[in-house]
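Working notes, beginning with the structure itself.
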There are 2 protein chains.
Amino acid sequence: MAAELIRGHLDLLVLSVVARGARHGYAIAEQLRLTSEGDFDIPEGTLYPALYRLEAGSLLTSEWTVVDGRRRRMYRLTRAGKRELARRTREWTSFADAVQRVVSKPARSQM
Amino acid sequence: MAAELIRGHLDLLVLSVVARGARHGYAIAEQLRLTSEGDFDIPEGTLYPALYRLEAGSLLTSEWTVVDGRRRRMYRLTRAGKRELARRTREWTSFADAVQRVVSKPARSQM
DNA sequence: TTATGATACCTAGAGTGTCTAGGTATGGCT
DNA sequence: AGCCATACCTAGACACTCTAGGTATCATAA
């Protein structure tokens, strides 16, 4: 999967995963790899800054936890995050529909 | 439509439109607005550089024409452009499917 | 005749999200 | 002791898009 396609859509993916329950960064990346069947392999240098942006925008909150001696920063959706996820999901649908219309429109008026 | 969603997908859209027949830049933008029902309103400062990139990559060729006293640069697909369009169309489908799986996966394991 | 809007193209510079490539640290296994 | 998986962090580079300017033609209206 060409990675540059994800640009602009990563927030939707992250919000969607966190909406299924609180997750830490590493687990979010893992979940995305699994659910996308390997298509989305987000580098840490992409994912962590994205999480900070989402938290800075009050769409996520985080807290440190320790599991088996390793620290994890757990993220969960805020109320605004839930709203934003709903908005972005609708936006994705209309975007995907529009792309589909452009791509699948039959050829005509060859020159 | 949030414009930043288009990033990384513009080449596919442009190649798709030109595949329907030779077009000049202004007409490509117009066609995208029409087919997407207004969702894709590509600024000229985005579209023209994209066309130059595609031509530089040998996916499009162009030639100047004059219609009603106005010059137009007409673009058409090269053989490599047709191949690339096919590849990007498949890529789009798997991308869209993967996003859909992430977005629509039911919630579980709330914390 | 002048102004305006649509058509049609061009470009420099700024902005922004992602990636590369480095870093730290813990725990389990060999 | 070495290695891999887990887990997080960050600076700088990169690439695509947007903003905001520019030129020019033609049709229409004032």
[X] [atom1] to [N] [atom2], straight-line distance once rounded to whole Å:
X     : N      : atom1 : atom2 : value
B/I42 : C/dA8  : CD1   : P     : 18 Å
A/M74 : D/dT6  : CE    : P     : 16 Å
A/L32 : C/dT18 : CG    : P     : 12 Å
A/R7  : D/dA15 : CZ    : C1'   : 7 Å
B/L47 : C/dT11 : CG    : C1'   : 14 Å
A/L5  : C/dC19 : CG    : P     : 11 Å
A/D68 : C/dG28 : CG    : P     : 7 Å
B/E4  : C/dT18 : CD    : P     : 10 Å

Does a nitrogen or oxygen in the side chain of [X] sit under 4.0 Å from OP1 or OP2 of [N]?
X     : N     : answer
B/R70 : C/dT7 : no
B/R72 : C/dA8 : yes
A/R73 : D/dC9 : yes
A/Y48 : D/dC9 : no

Base, sugar-phosphate or nothing for [X]? Non-hydrogen atoms, less than 4.0 Å.
X     : result
A/L10 : sugar-phosphate
A/G25 : sugar-phosphate
B/G69 : sugar-phosphate

5' precedence on DNA chain D between B/E44 and B/A50 (nearest-nucleotide basis):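 With B/E44 and B/A50 compared, the 5'-side residue is B/A50.
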Of all the heavy-atom pairs spanning A/S58 and A/A80, show the shortest one and how long it is.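 It is O-CB, 3.9 Å.
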Hey, are [X] and [Y] close enough for a salt bridge, meaning a charged N less than 4.0 Å from a carboxylate O?
X      : Y     : result
A/R101 : B/E37 : yes
B/R87  : B/E84 : yes
B/R76  : B/E63 : yes

Of A/P43 and B/E30, whose nearest nucleotide on DNA chain C comes first from the 5' end?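 Final value for this comparison: B/E30.
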Under 3.5 Å, is there a donor on one side chain and an acceptor on the other for B/R73 and B/S62?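 Looking only at side-chain atoms, B/S62 and B/R73 do form a donor-acceptor pair, the distance falling under 3.5 Å.
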If you only use heavy atoms from C-beta on, which nucleotide in C/dA8, D/dT17, C/dG17 is closest to the side chain of B/R53?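 So the side chain of B/R53 is nearest to D/dT17.
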Closest listed nucleotide, where the reference is the side chain of B/T46 and the choices are C/dG17, D/dT17, C/dC9: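 The answer is D/dT17.
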